[in-house]
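Chain A is the first sequence line, chain B the second, and so forth, proteins listed ahead of strands; every chain is numbered from 1. As a basis for the values below, the full set of heavy atoms in this structure was taken, side chains included, without hydrogen atoms, waters or symmetry mates.
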There are 2 protein chains.
Amino acid sequence: MSAPALTKNQALVFDVLEKADGPLSAYTILDKLRDHGFRAPLQVYRALEKLLEYGVVHRLESINSFVACAHPGENCHSHGIVAFAICESCSQVMEFHDHEVDHRLMDWTRSKKFKAEKTTIEIRGLCEACAA
Amino acid sequence: MSAPALTKNQALVFDVLEKADGPLSAYTILDKLRDHGFRAPLQVYRALEKLLEYGVVHRLESINSFVACAHPGENCHSHGIVAFAICESCSQVMEFHDHEVDHRLMDWTRSKKFKAEKTTIEIRGLCEACAA
DNA sequence: ATCAATTGCGTTATGCTATAACGTGTGCGA
DNA sequence: TCGCACACGTTATAGCATAACGCAATTGAT
């Protein structure tokens, strides 16, 4: 599951996300890559699908956007559940991990015999700078 | 913030959600209410907006769907963060609350001076019956 | 009582998000 | 060299959500 060499499209999409200072929607990525020959949403979605699989990109469910993983070079899948704080004003995203939260949620799923596949934790609000 | 009497449309939408055995998309709700005169998505979305505000309905961000709160009569907003386990096979949803998780996330946001407005916790996977 | 503000409602139109279905080319192992 | 897996390109379509307009009913202050 670690990331193999990226294909051309995957590299382009990843590059856009890494250089962005916040999450981007698939269509925003598409627009940024039109100069590189991108024409259709599927080109973006297919690349994103792989990047998500490799753990180098995260999807923010609550805002339908994508962001590069904050741990360049590492496989984020090994960090346990990833949590995000998303500023609704400046759209900056902070990524963090909390093992105690992981344990509590795992305890719950175990007690219910629920087989968790993918867990989303997203906190929306205002970052320190924007809340001032 | 507690729920005032519902308007006709709000009551219709809430009723559909309460009788459903799982989360419904806005457009599914719309289809179920065509016989009651609903014609446009906005009629559903506007009702949902209020029901969410009143805390009697939850939005599941990861599947773009809505579900009636599992605590009929109570205002769910007072229970702290709401977490959901969503079965990807039978689409059954379990709603739960974990104060320890709340505390850990609040500790994090406090330490970052992040002003949380709305927190999403959604676990997707397979329920006990479907995992068998 | 009346006017203004608020709220809910209906409609049309539009925009944003995501995937289905088809076909092409390339590389690689049986 | 055949078959398979995979990335890619294109067109079309499905699914989710809101903008903008106008109207009606309610409320509440003057």
N64(B) side-chain N/O to dA17(D) phosphate OP1/OP2 under 4.0 Å: yes
S25(B) side chain near dC16(D) phosphate (N/O to OP1/OP2, under 4.0 Å):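 For dC16(D), OP1 or OP2 has a side-chain N or O of S25(B) closer than 4.0 Å.
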Smallest separation among heavy atoms of V16(A) and K32(A), with atom names: CG1-CD, 3.6 Å
For the student: nearest non-hydrogen atoms of R34(B) and R39(B), plus distance: NH1-O, 3.6 Å
Side-chain H-bond candidate by donor/acceptor type, T120(B) with R59(B), under 3.5 Å: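 No donor-acceptor contact under 3.5 Å links the two side chains.
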Boundaries of the chain B footprint along DNA chain C (any atom under 4.0 Å from a heavy atom):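 First and last nucleotides in contact are dG8(C) to dT12(C).
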Distance flag, aromatic centroids of F66(A) and H58(A), threshold under 6.0 Å: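 No, ring centres 6.0 Å or more apart.
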Between the first and last five pairs of the helix from dA1(C)-dT30(D) to dA30(C)-dT1(D), the angle of the axes, rounded to 10 degrees: 30°
Send over the distance from [X] [atom1] to [N] [atom2], rounded to a whole Å.
| X | N | atom1 | atom2 | value |
| --- | --- | --- | --- | --- |
| L48(A) | dA7(D) | CG | P | 14 Å |
| L51(A) | dC8(D) | CG | P | 10 Å |
| K8(B) | dA24(D) | NZ | C1' | 15 Å |
| R34(A) | dG9(D) | CZ | P | 13 Å |
| Q43(B) | dC16(D) | CD | P | 18 Å |

Earlier contact from the 5' end, DNA chain C, for Y27(B) and F66(A):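 In this pair, the answer is Y27(B).
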